[in-house]
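Since the structure comes first, as structure tokens, the remarks are kept for the end.
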Amino acid sequence: MTTARRELPPRYDAAAVEPAVYARWEEADAFRPPAEAPAGTESFVVIQPPPNVTGALHIGHALTATVEDTFIRYHRMRGDDTLWLPGVDHASIGAQFVLDKIIATDGESRASLGRERYLERMWQFMDETRHIIGEQHRRLGASVDWSRERFTMDESSARGVRVAFKRLWDAGLVYRGKALVNWCPRCLTTLSDLENVHRDEIGTIWTMRYHLERPDGTPDPDAWISVATTRPETLLGDTAVAVHPDDDRYRALIGRHAILPVLGRRLPIIGDESVDRAFGTGAVKITPAHDPNDYELAKRHGLEAINVLDEGARVNAAGGEFVGRDRQDARESILDRLRGMEDLEAERPHQMVVGHCERCATVVEPRLSVQWFINVKPLADRALASVREGRTKIMPAHFEKVYAHWMENIHDWAVGRQLWWGHRIPAWFCPDGHVTVTDAADAPDACADCGRPASDLTQETDIFDTWFSSALWPFSTLGWPDATSDMARFYPTSVMETGYDILFFWVARMMMLGLFCTDVEPFHTVYLHGMIRAEGGVKMSKTKGNSVDPLGMVDEIGADALRFALVSGMAPGSDQRLTQAKLDGGRNFTNKLWNAARFVLANRPGDRPSDTAEPTLAARWIGSRLADATKRATRQLDALDLGGYAATVYEVAWSDYCDWFLEMAKVDLRRDDATDAERAATWVAAAGGLATLLRLLHPLMPFVTEEIWQALRAEAPEIAAEPLLIRAAWPAATTRDRPAEAAFDDLSTLIRGIRNLRTEAGTPAGARVSLVVEPTDAESAAAIEHGAAYLESLARVRPIEIHSAGERPTLVAAGPLGAAWLAVGGAATPEVGKRRQAQRAELDRNIERIRALLANAAFTAKAPSAVVERERERLADLEQERGQLGAD
RNA sequence: GGGCGAUUGGCUCAGUCGGUUAGAGCGCACGGUUCACAUCCGUGAGGUCACUGGUUCGAAUCCAGUAUCGCCCACCA
């Protein structure tokens with residue numbers, strides 16, 4: 001009785017197949033780890049970098065998802081206790097940026113709504129958008145455990161944030177103090193150093209005169225000190241002029257005063273070693289509230305810091321007549337004023353570095369304010385040691401240096417944000433100035449210092465930097481601080497996979513807080529992928545119109561094709577270009593697999609006898625090739641070498657299986673003299689080989705392989721045993737069949753040689769030509785005879801005439817091949833005319849080279865004996881080959 | 001200013017511990033309607049591995065320097 005045929009349609013329709021296959025997996029609950037860890041298994045856990053809740057899926061997400069899914073599927077097939085936990089990040093500043101724009105279209109703003117209504121609106125926005133990124137990941141095939149999906153604004157995450165912060169506070173690693181921080185006047189919040197992006201810009205440096213004070217307190221019109229600045233508007237906040245104490249030009253002025261233009265303030269002229277005599281005029285105006293250097297200097301000299309800008313970077317009341325003016329505006333006016341007084345000496349273009357808000361690109365303003373800081377130095381020391389001592393490995397390794405450099409030069413983390421969307425800092429102030437930090441969801445009962453009742457306390461309005469909750473992600477998602485079974489089973493996690501662009505933002509902070517909170521490294525490996533660039537190596541951007549839209553690509557060529565294109569040729573940490581050619585390659589490969597499967601399924605012999613014949617050479621050979629590919633793919637995936645893995649499976653599938661094996665299988669299936677048992681053996685090898693290929697390819701190309709698997713299973717359930725490929729076993733390691741490989745190599749070399757001859761002799765592609773072969777020995781003769789059917793078909797020759805060794809064939813004019821004859825030996829060597837001569841010459845060159853090498857006493861004495869031995873063997877082979885070719 | 005990386009055929013990239021004649025895909029040339037696939041098949045051309053020097057029996061690979069490109073970090077007004 002034959003099973004019902006399941007024919008694959010001639011065209012692979014990814015758009016139809018992929019969603020259906022994904023639904024099938026979900027229906028079977030295939031992504032979720034079992035309730036209990038299977039005994040004796042290792043866990044493999046990937047905690048997904050949570051995409052921003054507001055972000056539409058871009059090509060970087062697609063790469064992340066592909067890489068992680070490939071790892072996860074591989075380990076799932078290996079039988080490991082595998083968890084891939086998905087999530088979404090609340091992205092406070094990013095989300096507010098987006099929502100502000102949305103509500104602006106309704107004529108609303110943050111201010112008009114107020115905190116409470118704004119947050120209500122934000123939650124509504126979240127409800128509308130949160131699912132989108134997940135849907136998009138489904139289309140890519142991400143086999144994540146949706147039942148464990150987390151959001152950084154979940155209560156579990158909120159609790160983790162409070163507990164972690166309380167512990168840091170109790171450990172004395174949190175402080176609140178006045179400091180000059182990065183401030184975005186548009187987002188109206190503090191930024192960490194990482195969010196302050198420095199860019200080189202050509203600005204202007206102005207030199208202006210500050211007149212010296214006369215004894216009567218008025219400015220001396222004839223005496224001044226010239227200062228250089230790139231920010232004239234900060235003049236309003238100047239409280240001193242500084243010079244180098246050893247600067248002969250100015251030494252005499254130290255202790256005197258200058259009069260600040262416009263405002264008329266008295267500025268002491270002070271000496272400070274930090275002033276660079278060679279820069280500008282050698283005299284610096286000091287604006288402590290608006291410049292980090294000046295702030296440090298002011299602290300040393302006890303100078304007042306006058307803040308002259310408000311939160312929106314407009315001049316405040318301290319700026320006198322300029323109050324309310326934008327900083328740029330104020331700059332122009334002040335410059336005009338100085339010009340009018342002839343106190344503007346010079347203006348020159350100036351190469352400088354300007355900080356911009358990472359989110360909105362507004363120029364960041366240093367701002368003096370009271371802020372929450374985490375003293376990260378002790379955490380960084382530990383995180384650094386973990387990597388130095390190899391408990392966490394970063395791939396590629398050179399990023400360990402980058403990581404170390406950052407950790408060694410780390411500054412305290414300004415962790416508070418003057419935003420609304422996020423985790424509010426769980427600190428309460430009492431009227432007496434005490435601060436109470438709690439890890440409870442509610443207010444503390446009383447002030448921890450003076451015992452004043454909760455009713456007297458007010459909570460801090462600042463929220464946490466988004467990355468604070470992200471830093472806890474690997475364990476807050478598993479139930480920490482509770483000792484949950486998930487924590488015990490899945491923590492620490494295995495591989496943290498992400499782009500190198502967030503090494504500091506995220507990976508470094510996960511290391512620091514992971515070690516602080518859980519006393520263990522949160523993952524043993526950090527796998528950093530590179531950035532995806534457009535053709536020409538330029539950054540992909542929507543505005544440039546050169547970006548690849550992953551979902552559009554999925555529509556067009558399917559997720560498998562996109563995944564293959566993303567992974568093939570990738571090396572960790574290095575940027576890659578995603579070109580149309582690469583995407584086409586992915587599509588073509590999908591198509592190739594589909595058609596190979598169609599061929600196999602369509603060619604099953606009608607009746608399969610229960611006993612099959614001995615496997616053919618083709619069957620043995622492909623089994624051996626697959627054994628080798630399995631071994632390599634396994635090693636490569638274990639080493640997280642995805643580019644290598646992709647190359648391995650591509651090559652074995654296309655070159656070995658399709659180009660050679662299936663062509664040989666056609667011969668075996670179609671030859672007239674084959675028995676049913678022989679045909680069955682060949683088909684079983686083809687179907688079995690296909691099954692192995694599907695297993696090998698599934699981690700990278702899950703959809704098409706699963707679809708083919710289902711069809712194969714319908715046809716041959718004993719070959720595709722498991723109901724779902726996603727849950728099927730990774731191919732077992734088998735040993736290679738070296739004799740079969742050697743026999744194949746001889747035969748294929750002969751076939752290739754004959755093809756060369758045909759091309760060179762201009763033989764019509766379809767024409768059958770006679771072949772005369774002179775085998776080296778009886779063994780070769782047997783091999784040729786054995787492979788005659790393959791030869792006939794793959795080299796299109798017939799008849800094949802075999803001459804005994806040493807007997808020069810007389811058929812010099814055997815048809816279109818001209819003076820052709822063929823000698824076959826251990827390494828088959830077909831020849832014709834000048835080609836034969838060229839080959840002799842090449843052999844002679846190589847023989848010469850190796851003889852010289854072996855004659856070199858230094859080589860034989862110093863090289864390892866294995867290397868010397870290999871050279872000897874090679875020489876012997878070449879000499880034998882040369883002997884077969886004869887002289888002429 | 002400091003650090004990191006890259007440089008391999010026309011293009012995009014592999015290249016294990018230093019060890020035969022440096023590989024692949026695309027592109028190119030030539031030939032193909034063989035009943036899985038023209039999203040395909042066969043054959044071929046194309047590389048002094050950026051440059052200079054060094055270490056070594058042996059260097060694309062290790063070391064030093066140079067050049068070009070890229071990235072990251074950084075409070076010089």
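Numbers restart at 1 for each chain; the letters A, B, ... are given by sequence-line order, proteins then strands.
- Atom name P, nucleotides B:G1 and B:A45: the rounded distance is 50 Å, in whole Å.
- Between B:C62 and B:C49, the two P atoms lie 15 Å apart (nearest whole Å).
- Atom-to-atom, CE of A:M531 to P of B:C71 comes out at 12 Å; the value is rounded to the nearest Å.
- Remark: the A:N595 side chain and the A:N591 side chain contain an N/O donor-acceptor pair separated by less than 3.5 Å.
- Rounding to whole angstrom units, CG of residue A:L578 and C1' of B:C13 are separated by 13 Å.
- Note that CE of A:M208 and CG of A:L335 are 7.5 Å apart. Values are rounded to the nearest 0.5 Å.
- Across the protein-nucleic acid pair, A:N409 atom CG and B:C73 atom P stand 12 Å apart, rounded to whole Å.
- Among the nucleotides B:A14, B:A74, B:A77, the one closest to the side chain of A:M352 is B:A77.
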Are A:Y790 and A:D668 close enough, and set up right, to give a side-chain contact (heavy atoms from CB on, under 4.5 Å), and what steps lead you there?
-> CA-CA 8 Å; A:Y790 296 137; A:D668 289 329; 2.7 Å; yes
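- Taking for each of A:G280 and A:V402 the nucleotide of RNA chain B with the nearest heavy atom, the 5'-most of the two is the partner of A:V402.
- Between B:C37, B:A77, B:A74, one nucleotide has an atom nearer to the side chain of A:D200 than all others, and that is B:A74.
- A salt bridge links A:E663 with A:K666: the distance from a Lys NZ or Arg NE/NH1/NH2 to an Asp or Glu carboxylate oxygen falls below 4.0 Å.
- Separating the CG atom of A:L854 from the P atom of B:G19 is a distance of 18 Å, rounded to the nearest angstrom.
- Nearest nucleotide to the side chain of A:D276, out of B:C4, B:C76, B:G25: B:C76.
- Atom pair A:H405:NE2 and B:C72:C1' shows a separation of 9 Å (rounding to whole Å applied).
- Between A:W654 and the phosphate of B:U39, there is no side-chain N or O to OP1/OP2 separation shorter than 4.0 Å.
- Comparing A:V353 and A:R231 by the nucleotide of RNA chain B whose heavy atom lies nearest to each, the residue mapping closer to the 5' end is A:V353.
- As rounded to the nearest Å, B:A24 and B:A14 have C1' atoms that lie 7 Å from one another.
- To the nearest whole angstrom, the two C1' atoms, one in B:U52 and one in B:U7, are 16 Å apart.
- Note on A:T229: only backbone sugar-phosphate atoms sit closer than 4.0 angstrom, heavy atoms only; bases stay farther off.
- Atom C1' of B:G18 sits at a distance of 12 Å from the matching atom of B:U55, rounded to the whole Å.
- Annotation: B:C51 and B:G44 have their P atoms spaced 29 Å apart (nearest Å).
- Across every non-hydrogen atom of A:N196 and A:H356, the tightest pair is OD1-N, 3.4 Å.
- Residue contacts shown for A:A242 are absent, as no nucleic acid heavy atom lies under 4.0 Å away.
- Contact annotation for A:F399: no contact, since no heavy-atom pair falls under 4.0 Å across all strands.
- Counting all heavy atoms, side chain and backbone alike, A:G499 lies closest to A:L528 at O-CD2, 4.0 Å.
- Taking the side chain of A:H398 as heavy atoms from C-beta on, and the options B:C73, B:A77, B:G5, the nearest nucleotide is B:G5.
- Within 6.0 Å of atom CD in A:E201, more than 12 heavy atoms from other residues, nucleotides or ligands are found, so the atom counts as buried in its surroundings.
- Of the candidates B:A77, B:G5, B:A74, the closest approach to any side-chain atom of A:T230 belongs to B:A77.
- Nearest heavy atom pair, residue A:A653 against residue A:L593, reads CB-CD2, 4.3 Å.
- Ion pairing between A:D247 and A:R277 fails under the 4.0 Å rule for side-chain N and carboxylate O.
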Any N/O pairs under 3.5 Å between the protein and nucleotides 28-36 of chain B? List them or say none.
| unit_1 | atom_1 | unit_2 | atom_2 | d |
| --- | --- | --- | --- | --- |
| B:A36 | OP2 | A:R670 | NH2 | 2.8 |
| B:A36 | O2' | A:N595 | OD1 | 2.7 |
| B:A36 | O2' | A:R598 | NH1 | 2.9 |
| B:A36 | N7 | A:K666 | NZ | 3.1 |
| B:A36 | N6 | A:C658 | O | 3.4 |
| B:A36 | N6 | A:E663 | OE2 | 3.1 |
| B:A36 | N3 | A:N595 | O | 3.1 |
| B:A36 | N3 | A:A596 | N | 3.2 |

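- Between the side chain of A:R11 and the base of B:U39, a donor-acceptor pair under 3.5 Å is found.
- If you check every strand for non-hydrogen atoms under 4.0 Å, A:R587 touches a base.
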A:D628/A:K631 under salt bridge (Lys or Arg N to Asp or Glu O under 4.0 Å): CA gap, chis, key distance, verdict = CA-CA 5 Å; A:D628 182 47; A:K631 196 173 135 203; 5.4 Å; no
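- A:D638 and A:Y645 form no side-chain donor-acceptor contact under 3.5 Å, judged by distance and modelled atom types alone.
- Atom C1' of nucleotide B:C73 and atom CH2 of A:W406 are separated by 11 Å, given to the nearest angstrom.
- A side-chain donor from one of A:H301 and A:D272 sits under 3.5 Å from a side-chain acceptor of the other.
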Restricting to nitrogen or oxygen on both sides, can you table the protein-nucleotides 53-57 of chain B pairs closer than 3.5 Å?
| unit_1 | atom_1 | unit_2 | atom_2 | d |
| --- | --- | --- | --- | --- |
| B:C57 | OP1 | A:K862 | NZ | 2.2 |
| B:C57 | O2' | A:N856 | ND2 | 3.3 |

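- To the nearest angstrom, C1' of B:G25 lies 13 Å from CG of A:L583.
- Taking the P atom of each, B:A22 and B:C28 are spaced 26 Å apart, rounded to whole Å.
- Among all heavy-atom pairs drawn from A:F661 and A:T682, the shortest one is CZ-O, 4.5 Å.
- Taken together, the paired segments of RNA chain B that extend over three or more consecutive Watson-Crick or G-U pairs, each closer than 3.5 Å at both contacts, are B:1-7 with B:67-73, B:10-13 with B:23-26, B:28-32 with B:40-44, B:50-54 with B:62-66.
- One finds a side-chain N or O of A:R577 lying less than 4.0 angstrom from the OP1 or OP2 phosphate oxygen of B:C13.
- A cation-pi arrangement, defined by a distance under 6.0 Å to the six-membered ring centre and an angle within 45 degrees of its axis, is present between A:R509 and A:W413.
- Between the C1' atoms of B:A6 and B:U61, the separation comes to 15 Å (whole Å).
- For A:D641 and B:G15, the CG to C1' distance is 11 Å, given to the nearest whole Å.
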